[in-house]
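This report concerns only the one structure given below.
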Amino acid sequence: MTRLALLATGGTIATRATADGRAVAVDAAELLASAPVPPGAEVTTTDVAGRLSFAAGLDDLAALARTVREAAAGHDGVVVTHGTDTLEETAALLALTHDRTIPVTITGAQRPVDDPAPDGRGNLGAALRWAAHGRPGVTVTFAGQVLPAIGVRKVHAAALTAFAAPGRGPLAEVDEAGVREHAVAPDASLGDPPDTLPRVDVVAQYVGADAHALDAAVAAGARGVVVAGFGAGNATPAVVAAATELLGRGVPVAVASRTGAGPVEGLYAGGGAELARAGALFAGDLSPWQTRMLLAVALATAPDDPLGAARAWTARVGVTPS
């Protein structure tokens, strides 16, 4: 018997229409009752939360990571149902804090339970099948594909095929015929689930952006900053100067791209090259939102050298060249 844990956190997969808009109205047991369970699997259900994912905070995500670790200790696989708005961020956190002993996969839905053609039942059934398959590590199961937790992005607001891993592709496909594996993601663990996650802010780049967002972030208590840069990792002269000053004060700064695909590199004089010389972390092809989770976990688990820990992680996982 394969023992699986189903942890429900809310999200569209658990919503129904109300006069005020879609609201969470379905618990873990009802979700499970609607989905096909793989032969030979026994599933226990836990309602971890009942919210829409845009309402979650860092403390909620840290608590979920600890709950997943606890569930993993007594099961052969864990499935988490989650809202799609912030699913890629939770996926990154779980991958960074999972000991890779068993499969953990996250799924959700683009349509509510009472939609004429809901997608949650099929996504959950595929996630349970993939978890029972037994491949250790953290993944996202959605629309018949298994995607790596590190590198996954929500790429469409409404389509059923809402998630992709640009430059990486799916690890496997899951349907009624079974599981077909194509690749295995590397171990992405960085540390144990922290009690709390430090504040890390994302600062977007746009034409004429000045340094006020960086200054305000640190003044508000951010212990690190991610620059969502132009192209391959550039920023305006004002932001480059401010980021260089922060690095000189010991505040970690990471650089990701706002484009949606492709790696960042320190290539351009006065832009990315200057940030690289100042010691900023270039986060390869990670989204700004996953880069934020990386920096937060690095700050929590390696407070004496978070940038060093994050750089070693990016090379080991293949996000940046080793």
Side-chain angles (χ1 to χ4, degrees), residues 9 48-49 51 53-70 82 85-99 106 138 149-150 188-205 211-229 233 235 239 242-256 264 275 278-284 286-317 319-320:
T9 69
V48 178
R51 58 175 167 258
S53 66
F54 57 74
L58 285 177
D59 286 346
D60 298 319
L61 266 61
L64 176 60
R66 295 193 300 272
T67 299
V68 169
R69 176 67 70 89
E70 293 166 2
H82 198 283
D85 280 352
T86 62
L87 187 150
E88 65 192 82
E89 292 162 80
T90 297
L93 175 61
L94 296 185
L96 286 159
T97 58
H98 181 49
D99 59 11
I106 312 168
V138 181
I150 298 299
S189 59
L190 179 59
D192 292 332
D195 291 332
T196 60
L197 286 167
R199 176 173 176 168
V200 175
D201 283 1
V202 178
V203 173
Q205 289 302 279
H212 80 277
L214 271 78
D215 297 336
V218 175
R223 289 178 52 196
V225 178
V226 176
V227 175
V239 169
T244 299
E245 191 270 336
L246 289 179
L247 287 160
R249 287 165 45 194
V251 178
V253 175
V255 180
V264 288
L275 290 169
L281 168 72
F282 276 67
L286 292 187
S287 70
W289 331 118
Q290 292 207 336
T291 301
R292 175 180 179 244
M293 285 298 160
L294 168 61
L295 194 52
V297 174
L299 281 161
T301 59
D304 295 335
D305 187 16
L307 287 179
R311 282 195 181 90
W313 180 90
T314 62
R316 174 169 58 84
V317 175
V319 171
T320 59

**Fill in**
So the side-chain hydrogen bond (donor to acceptor under 3.5 Å, both in side chains) pairs with at least one residue in residues 53-70 (sequence neighbours excluded) are Ser53-Thr86, Arg69-Asp192
Between [atom1] of [X] and [atom2] of [Y], what distance do you get to the nearest 0.5 Å?
{"X": "Leu286", "Y": "Leu295", "atom1": "CG", "atom2": "CG", "answer": "11.5 Å"}
{"X": "Glu245", "Y": "Leu214", "atom1": "CD", "atom2": "CG", "answer": "10.0 Å"}
{"X": "Glu89", "Y": "Thr291", "atom1": "CD", "atom2": "OG1", "answer": "10.5 Å"}
{"X": "Arg311", "Y": "Arg316", "atom1": "CZ", "atom2": "CZ", "answer": "16.0 Å"}

Heavy-atom pair with the smallest gap, counting every atom of [X] and [Y]:
{"X": "Ala65", "Y": "Leu94", "answer": "CA-CD2, 3.6 Å"}
{"X": "Leu299", "Y": "Pro306", "answer": "CD2-CG, 3.7 Å"}
{"X": "Ala302", "Y": "Ala309", "answer": "CB-CB, 3.7 Å"}
{"X": "Ala283", "Y": "Val319", "answer": "O-CG1, 3.1 Å"}
{"X": "Ala280", "Y": "Leu247", "answer": "N-CD1, 3.6 Å"}
{"X": "Gly233", "Y": "Leu275", "answer": "O-CD1, 4.1 Å"}

**Side-chain heavy atoms of Leu294 within contact of Leu190, under 4.5 Å** = yes
**Prompt:** Side-chain contact, heavy-atom cut-off 4.5 Å: Ser189 with Asp99?
**Reply:** no
**Request:** Show your reasoning for whether side chain to side chain contact (heavy atoms under 4.5 Å, CB included) applies to Val68 and Val138.
**Result:** CA-CA 11 Å; Val68 169; Val138 181; over 6 Å; no
**side chain to side chain contact (heavy atoms under 4.5 Å, CB included) assessment of Leu58 paired with Arg292** = CA-CA 11 Å; Leu58 285 177; Arg292 175 180 179 244; 3.7 Å; yes
**Message:** side chain to side chain contact (heavy atoms under 4.5 Å, CB included), that's the test. Do Leu96 and Trp313 meet it? Break it down for me.
**Reply:** CA-CA 9 Å; Leu96 286 159; Trp313 180 90; 3.5 Å; yes
**Message:** Has Gln290 got a side-chain atom pairing as donor or acceptor with Ile150's backbone, closer than 3.5 angstrom?
**Reply:** no
**Any donor-acceptor N/O pair, Thr90 side chain to Leu87 backbone, under 3.5 Å** = no
**Prompt:** Do Leu93 and Leu197 pass the side chain to side chain contact (heavy atoms under 4.5 Å, CB included) test, and can you show the C-alpha distance, the side-chain angles, and the key distance before you say yes or no?
**Reply:** CA-CA 10 Å; Leu93 175 61; Leu197 286 167; 3.9 Å; yes
**Asked** What pairs with Arg199 under side-chain hydrogen bond (donor to acceptor under 3.5 Å, both in side chains), at least two apart in sequence or on another chain?
**Response** Asp201
